[in-house]
Amino acid sequence: QGESKFSKQAPSKKEEVKESTNTVLRKSVIGIFMALIQYPKLSSMREFSSITHDSKFNFINDIKALYQDAPDSNPSIIFEKIESERIKNIFGEALVSEIKLSEEDAISMIKDCLEIISQTDSEREEILKEKYNMQELTSAEKRELQQIILKKDKMSQDEEALIKNLSSI
């Protein structure tokens, strides 16, 4: 009878994969922002230089610069200076987070998160495969490894076997 011209399609594997990888990257950015909000002086860490000017994460350097220019600024002032709505939303998430970090943990958080966002998929895949071989893969990392492999245009037999193994763990 009255069939709809528009059918809801399930997201393709590539879209699902991209979303999962983006979640890891988004959490990394939130982690960096949380650390900067709680310890603005960490904006002077040299590890931030790993973000190149042509990186899609260069906005982190913009936030870092706001903290360097006014380290005593209230985070809400920094928030107001952010022009991009998307970045404002992410910064806002970090702002309302109730996770309290020690300074030592904040330093580790920044280092770890910068390392994650500066890795290419192939580098990240190798790291996760090494952790898998040592049986040290967390469930989030397991999903991330599955996602990286699934979004490839062509999988090797080893990768197919790895996907099956990861699914059965």
Side-chain angles (χ1 to χ4, degrees), residues 8-131 136-151:
K8 285 194 174 182
Q9 288 183 320
S12 71
K13 281 264 189 260
K14 280 196 175 190
E15 287 172 356
E16 288 176 24
V17 168
K18 190 170 192 246
E19 200 167 290
S20 175
T21 303
N22 284 346
T23 303
V24 171
L25 296 173
R26 181 182 177 92
K27 286 180 180 173
S28 295
V29 172
I30 291 170
I32 291 168
F33 287 169
M34 280 177 18
L36 286 176
I37 288 166
Q38 293 178 36
Y39 300 96
K41 68 180 183 184
L42 296 181
S43 61
S44 63
M45 288 175 60
R46 68 177 181 279
E47 283 80 0
F48 282 104
S49 64
S50 67
I51 302 172
T52 60
H53 291 291
D54 58 350
S55 167
K56 67 180 182 178
F57 295 102
N58 192 38
F59 64 87
I60 293 172
N61 281 328
D62 298 338
I63 304 301
K64 175 196 78 145
L66 291 173
Y67 273 109
Q68 286 179 320
D69 293 345
D72 297 329
S73 285
N74 186 308
S76 60
I77 303 294
I78 301 292
F79 178 82
E80 291 304 317
K81 290 181 180 179
I82 300 171
E83 292 174 18
S84 163
E85 276 307 309
R86 226 169 140 204
I87 297 166
K88 243 182 184 171
N89 289 339
I90 296 171
F91 191 86
E93 274 186 59
L95 204 52
V96 298
S97 170
E98 298 194 9
I99 298 172
K100 297 290 175 233
L101 300 169
S102 68
E103 187 168 355
E104 189 179 318
D105 288 342
I107 291 169
S108 294
M109 172 88 81
I110 289 174
K111 287 179 179 178
D112 293 346
C113 293
L114 284 172
E115 189 176 313
I116 289 170
I117 64 174
S118 61
Q119 291 172 344
T120 63
D121 278 348
S122 59
E123 290 171 327
R124 186 73 180 146
E125 180 182 359
E126 288 309 309
I127 289 166
L128 293 173
K129 281 181 177 177
E130 284 175 28
K131 286 181 91 172
E136 295 177 356
L137 213 55
T138 66
S139 60
E141 289 170 331
K142 181 178 84 168
R143 279 192 307 278
E144 186 183 353
L145 179 55
Q146 287 173 319
Q147 308 289 332
I148 290 170
I149 294 170
L150 286 171
K151 74 177 177 182

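Predicted model only: the values in this text are computed from it and were never measured.
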Nearest heavy-atom pair of [X] and [Y]: which atoms, and what distance?
X: A35; Y: L42; value: O-CD1, 4.4 Å
X: P75; Y: L95; value: CB-CD1, 3.2 Å
X: P71; Y: P40; value: O-CB, 3.4 Å
X: G31; Y: C113; value: CA-SG, 4.3 Å
X: F33; Y: A94; value: CB-CB, 3.6 Å
X: F57; Y: I51; value: O-CG2, 3.5 Å

task: Could you walk me through whether E83 and K88 pass the salt bridge (Lys or Arg N to Asp or Glu O under 4.0 Å) test, one step at a time?
output: CA-CA 7 Å; E83 292 174 18; K88 243 182 184 171; over 6 Å; no

message: Keeping Q68 on the side-chain end and S43 on the backbone end, is there a donor-acceptor pair under 3.5 Å?
response: yes

task: Verify, without hydrogens or angle tests, whether Q38 (side chain) and I99 (backbone) share a donor-acceptor contact under 3.5 angstrom.
output: yes

Kindly compute the distance separating [atom1] ([X]) from [atom2] ([Y]), expressed to the nearest 0.5 Å.
X: E93; Y: K27; atom1: CD; atom2: NZ; result: 10.0 Å
X: S102; Y: Y39; atom1: OG; atom2: OH; result: 6.0 Å
X: D105; Y: M34; atom1: CG; atom2: CE; result: 10.0 Å
X: L137; Y: E130; atom1: CG; atom2: CD; result: 11.5 Å
X: K64; Y: L36; atom1: NZ; atom2: CG; result: 9.5 Å

Determine whether [X] and [Y] make a side-chain contact, defined as any pair of heavy atoms from C-beta on separated by less than 4.5 Å.
X: L66; Y: D62; value: no
X: I32; Y: M109; value: no
X: V29; Y: I87; value: no

Intermediate values then yes/no, salt bridge (Lys or Arg N to Asp or Glu O under 4.0 Å), K129 and E125: CA-CA 6 Å; K129 281 181 177 177; E125 180 182 359; 2.9 Å; yes

query: Can you tell me if E141 and T138 form a side-chain donor-acceptor pair at under 3.5 Å?
result: yes

